[in-house]
J.: 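Can you read through this structure? Questions will come right after.
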Amino acid sequence: MKKSILLSGLALFTILSGCEKNDARPVEEVLADLEGKCLQGKVVKGMRCTSAVYVQLLNASTGTTSTFEGKKYKNIVLLSNFPKNSCLGVGDSFYFTLDTSSEFDHCTEFYACTTEDLTVFDEPHPVTIKTCLKTFSVSGCTGK
């Protein structure tokens, strides 16, 4: 009897220890870690009719995974205040710093849309980190 209980306990421990760990941290903690750092990101998708873009961080971790068009992406953030005239497209890299003192909704610009722009489209999900862009460059960060 004791042997079967011990074996059952060992089997349960083995099963539970094999579960995937969720590394997601509180948003405030992640933003505090990213504040003031020169970040490199890659454009995943623009958010139609706004100054917001979905970006995959290339040199920092958020501990999150998002799905977009059937593909998994690590470290996706939604940045607002992206320069309208940046000429960057999906897959292009750039450097930036964050403005965590502003609320995402307060730094988002909205642009005129056509009916075609308003059609249903896929977005990366889930995305828990939504913040404002402070500085932007295609050649690297200066200063920090």
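Only this structure's heavy atoms are used, side chains among them; waters, hydrogens and symmetry mates stay out.
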J.: Just how far is it from atom CG of Leu34 to atom CD of Glu29, taken to the nearest 0.5 Å?
T.: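 Between atom CG of Leu34 and atom CD of Glu29 there are 10.5 Å.
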J.: Identify whether Leu78 and Phe82 are in the same connected component of the hydrophobic contact network (ILVMFWY, side-chain heavy atoms under 4.5 Å).
T.: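 No, it is not one cluster - the side chains of Leu78 and Phe82 are not joined through contacts under 4.5 Å.
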J.: Under a 3.5 Å cutoff, is there a donor and acceptor pairing between the side chains of Thr100 and Thr131?
T.: no
J.: At what distance, to the nearest 0.5 angstrom, does NZ of Lys37 lie from OG1 of Thr97?
T.: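 If I round to the nearest 0.5 Å, the distance is 13.0 Å.
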J.: Do the side chains of Thr65 and Lys74 get nearer than 4.5 Å, heavy atoms only?
T.: yes
J.: May I ask you to decide if the ring planes of Phe136 and Phe94 are parallel, tilted or perpendicular, using 30° and 60° as cut-offs?
T.: tilted
J.: If you look at every heavy atom in Val53 and Val55, which pair is closest and at what distance?
T.: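 Heavy atoms of Val53 and Val55 come nearest at CG2-CG2, 3.5 Å.
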J.: Could you tell me whether the side chain of Ile129 reaches within less than 4.5 Å of the side chain of Thr64, counting heavy atoms only?
T.: no
J.: With a 4.5 Å cut-off on side-chain heavy atoms, are Val77 and Leu39 touching?
T.: no
J.: Looking only at heavy atoms, which two atoms of Gln40 and Asn59 are closest? And how far apart?
T.: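 Closest heavy-atom pair between Gln40 and Asn59: N-OD1, 2.8 Å.
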J.: Check for me, please, whether Leu88 and Leu133 land in the same ILVMFWY cluster - side-chain distances under 4.5 Å, paths through other members count.
T.: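 Yes: a chain of side-chain contacts under 4.5 Å links Leu88 to Leu133.
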J.: Using a 4.5 Å cut-off on heavy atoms from C-beta on, say whether the side chain of Asp92 contacts that of Cys87.
T.: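 Not touching, per the 4.5 Å side-chain cut-off.
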J.: Under a single-linkage definition using a 4.5 Å side-chain heavy-atom cutoff for Ile, Leu, Val, Met, Phe, Trp and Tyr, are Leu57 and Val30 assigned to the same hydrophobic cluster?
T.: yes
J.: OG/Ser51 to NZ/Lys84 distance, rounded to the nearest 0.5 angstrom?
T.: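 Here the rounded value is 10.0 Å.
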J.: Using atom types as modelled and distance alone, determine if a side-chain donor or acceptor of Asn75 lies under 3.5 Å from a backbone N or O of Gln56.
T.: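 Pair absent, no side-chain N/O of Asn75 close to backbone of Gln56.
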J.: Side-chain contact, heavy-atom cut-off 4.5 Å: Leu58 with Ser93?
T.: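 Contact flag for Leu58/Ser93 side chains = yes.
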J.: Could you check whether any side-chain N or O of Ser66 sits under 3.5 Å from a backbone N or O of Pro126, counting only pairs where one atom can act as donor and the other as acceptor?
T.: yes
J.: Any heavy-atom pair between the side chains of Ile76 and Phe68 that's under 4.5 Å?
T.: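 Contact flag for Phe68/Ile76 side chains = no.
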J.: Work out which heavy atom in Val27 is nearest to a heavy atom in Thr128; give both atom names and the distance.
T.: CG2-O, 3.6 Å
J.: Give me the atom names and distance for the closest heavy-atom approach of Pro124 to Val127.
T.: O-CG2, 3.5 Å
J.: I'd like to know if the side chain of Glu109 and the backbone of Asn81 have a donor-acceptor N/O pair within less than 3.5 Å.
T.: no
J.: Would a hydrophobic clustering, with Ile, Leu, Val, Met, Phe, Trp and Tyr connected at side-chain separations under 4.5 Å, put Tyr54 with Phe104?
T.: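 Result: yes, single cluster for both.
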J.: Please check if the number of heavy atoms outside Glu35 that lie under 6.0 Å from its CD is greater than 12.
T.: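 Enclosed.
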J.: With clusters defined by side-chain heavy atoms of hydrophobic residues (ILVMFWY) lying less than 4.5 Å apart, directly or transitively, does Val43 cluster with Phe96?
T.: yes
